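Here's the structure, in structure tokens; my notes come after.
In what follows, every chain begins at residue 1, and chains take the letters A, B, ... in the order their sequences are listed. For the numbers below, each heavy atom of this structure counts, side chains included, while hydrogens, waters and symmetry mates do not. What you see is a predicted model; the values in this text were computed from it and never measured.
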Amino acid sequence: MPKHILVAVAWPYASGPRHVGHVAGFGVPSDIFARYHRLKGNNVLMISGTDEHGTPITMAADKEGISPRALADRYNEVIGNDLYALGLSYDTFTRTTTKNHYRITQDLFKTLLQKGYLFTQTSLGAFSASTGQTLPDRYVEGTCPICGYTEARGDQCDNCGNQLDPIQLINPRSKVDGNPPIFRETEHFFLNLPAFAEQLKEWISSQDHWRPNVRSFSLNLIEDLKPRAITRDLDWGVPIPLEGYDDKRIYVWFDAVIGYLSASVEWAHNRGTPEAWRDWWQNPESEHYYFMGKDNIVFHSVIWPSMLLGYGNGGELVGGTGEPLQLPHEVVSSEFLTMEGKKFSSSRGIVIYVRDVLSRYDADALRYYLSIAGPENQDTDFTWAEFVRRNNDELVANWGNLVNRTLTNVFRNFGSVPQPGAFTPSDEALLQATKDSFEKIGSLLEDARFRAALSEAMELSRQANGYLSEHEPWKLIKGDDEAKARAATVLYVALQVVNNLRTLLVPFLPFSSQKLHELLGHEGQIAGPLEFKEIVEEGDAKHRVLTGDYASWVGKWEYSELPVGQALRKPEPLFKKLDEKVIEEELARLGA
RNA sequence: GCCGGGGUAGCUCAGCUGGUUAGAGCGAUUCACUCAUAAUGAAUAGGUCGGCGGUUCGAGUCCGCCCCUCGGCACCA
């Protein structure tokens, strides 16, 4: 019975190009997960988009003298291109500036307000003297009243570590223009999170399958829930759907998490089945998996669930009928990737953008590295030396070489899949290990243990290399008829392993699996490709969506036999070996 | 400061509810092989499991304290 699986991926912020750390944490892992479940025959809906509101974008735009919309347009395109090039198979990768998203965000706002989960409160806020816009606490600097550090931020002093309020700073100034900010009273809407504390506690406590760190972290947060502001004094964002709030907008975090829902609705609309999103969102049997970095757990395990609980089945979208909106099934958080031992930092040049890596290296080389050495359970360090080593000594030497030596031997001597003779125990053992791999690797993938899953696949490849070295078909082929027949059997067995590893590796290495699919003489797309579509909304508003026709994939997550007699295409290497020089070149780029 | 995660071989990491001589890959060394992108296979060497103390017949695994590191702490997203 196929399951409905929602793969909800954190929304990259469109303030600039995204670096490797961003796609390491949620991009590649979520794609592996989605691809696996599609091959398995489940109904996967993988959604995300660029998060385009908020103060950092208005400020970046001001700096360049362009509109926030123009800045968001630019980086939506850049980020979308990166994800496409990496082969991240979103059903819909959209953006938060669509009419659809505005409408649904306003629906949630109105519904939560009607149900009494929102209230207004006045507080003291900092504003830019020049633009009048909200200055977030982090954008106010000054002297720390506790330790005297002159570069303290409005939220925290980096020197003494104490938490601060911008009003406490001595000689406060805006980080943007250096002028002292203006402090004044302002009224905002708040989400009454404490109202959900009991429900959340009960719900999270029952999530036995959550990772212990996410679960205990979240339960701990619930002990001390406070209302959270959901509006800002800005002119960039989703308008508040009430009279008299023209100078305020909905706070970016509130609208960003709603993207998971709005993107699902958009997907259904774009493919001409406008009600289809309900199969995921109003179906108690559906499972929702959220992928994000560890800094974002709170939004996915506490805040978004509160909003969903508050909305229930009410509002304009759901219409007060049927099941309430589904809560997350699993919150898969990743740790952080560091770069050559340091935190990524665009301003300090410690950064490697996705587009730059992909302009010089194959997507599968990067996907391999991030899958096998990514920050799954703890922070991990990206080094160019390790990237080259993983590529050359593991991807090329183990898997690439297995494919190449197997196909070359078969192509040269037989041209097509040879007829095997009787299997020896050694043949049977390897074939059985291959069959078992689907179950073993599948269950690791279901548990989001991507590193372990890929290690299993590589271990099978290693076994096959050992098998070939043991039986030496290239020698047998030169012997008598009996030896030649044995060579055919050995190569047949090796081909079966290669053919099935092609499938087992699709989630991790979709591009090279497709290439191998073709070299083995198969037709069609084992798992791809992606495509961009232009979507036109009412009023002729256009935006680009990353999607794909994933239903046409011919790959299936099960052992399959490569038929005797199937003609192979002329073999060529799946991967490129990298010259050690690239380590120095890349390190030089980092320094520059 | 408070809460949570991490600290295991040269490197990157596995080690579930405590149980015999602590594992893998890569790197190193040796041997074999040469079909294959000088790609493979076999073997060997490498660790007082961050520190100190405790519980236990027995602790990498549990408890306490400390050190280092990452994240969160509600106006970054």
[N] [atom2] sits how many Å from [X] [atom1], rounded?
| X | N | atom1 | atom2 | value |
| --- | --- | --- | --- | --- |
| A:Tyr251 | B:C76 | OH | P | 5 Å |
| A:Phe344 | B:C70 | CZ | P | 15 Å |
| A:Phe254 | B:C75 | CZ | P | 14 Å |
| A:Ile372 | B:G25 | CD1 | C1' | 8 Å |
| A:Tyr467 | B:C35 | OH | P | 19 Å |

In Watson-Crick or G-U wobble terms, both distances under 3.5 Å, what is the partner of [N]?
| N | result |
| --- | --- |
| B:A32 | B:U40 |
| B:C13 | B:G23 |
| B:G64 | B:C52 |
| B:G4 | B:C70 |

Under 4.0 Å from OP1 or OP2 of [N]: is there any side-chain N or O of [X] that close?
| X | N | value |
| --- | --- | --- |
| A:Asn377 | B:A14 | yes |
| A:Lys343 | B:G71 | yes |
| A:Tyr369 | B:U12 | no |
| A:Gln378 | B:U12 | no |
| A:Arg449 | B:C13 | no |
| A:Asn401 | B:U37 | no |
| A:Arg412 | B:A36 | yes |

Under 4.0 Å, heavy atoms only, any strand: does [X] hit a base, just the sugar-phosphate, or nothing?
| X | result |
| --- | --- |
| A:Leu193 | base |
| A:Glu470 | nothing |
| A:Leu124 | base |
| A:Asp379 | sugar-phosphate |
| A:Asp51 | sugar-phosphate |
| A:Ser455 | nothing |
| A:Arg232 | base |
| A:Phe299 | base |

Of the nucleotides [options], which has the atom closest to the [X] side chain?
| X | options | value |
| --- | --- | --- |
| A:Thr380 | B:G71, B:U37, B:C13 | B:C13 |
| A:Arg405 | B:C70, B:U40, B:A74 | B:U40 |
| A:Ala229 | B:C75, B:C13, B:C35 | B:C75 |
| A:Ser123 | B:C75, B:C70, B:A77 | B:C75 |

Can you give me every donor-acceptor pair (side chain of residues 450-458 of chain A, partner residue at least two apart or in another chain, under 3.5 Å) with its distance?
{"unit_1": "A:Arg451", "atom_1": "NH1", "unit_2": "A:Gly374", "atom_2": "O", "d": "2.7"}
{"unit_1": "A:Ser455", "atom_1": "OG", "unit_2": "A:Arg451", "atom_2": "O", "d": "2.9"}

Query raised in the report: On the ring face of A:Phe127, is A:Arg184 found with NZ or CZ under 6.0 Å from the centre and within 45° of the axis?
Result: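 Checked: cation-pi criterion met.
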Query - Cation over ring face, A:Arg462 and A:Trp399, 6.0 Å, 45° - result: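 The answer is no; the distance or angle limit is not met.
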Atom pairs, N/O to N/O, protein against nucleotides 30-34 of chain B, distance under 3.5 Å?
{"unit_1": "B:U34", "atom_1": "OP1", "unit_2": "A:Lys475", "atom_2": "NZ", "d": "3.3"}

Query raised in the report: Do A:Tyr467 and A:Asp427 meet the criterion of a side-chain donor-acceptor pair at a distance under 3.5 Å?
Result: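 There is such a pair between these side chains.
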Query raised in the report: Which of these passes side chain to side chain contact (heavy atoms under 4.5 Å, CB included) with A:Trp11: A:Ile47, A:Thr94, A:Ile79, A:Asn296?
Result: A:Thr94
Report task. Could you give the distance separating B:G50 and B:G15 at their P atoms, to the nearest angstrom? Result ->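 Roughly 15 Å separates the two P atoms.
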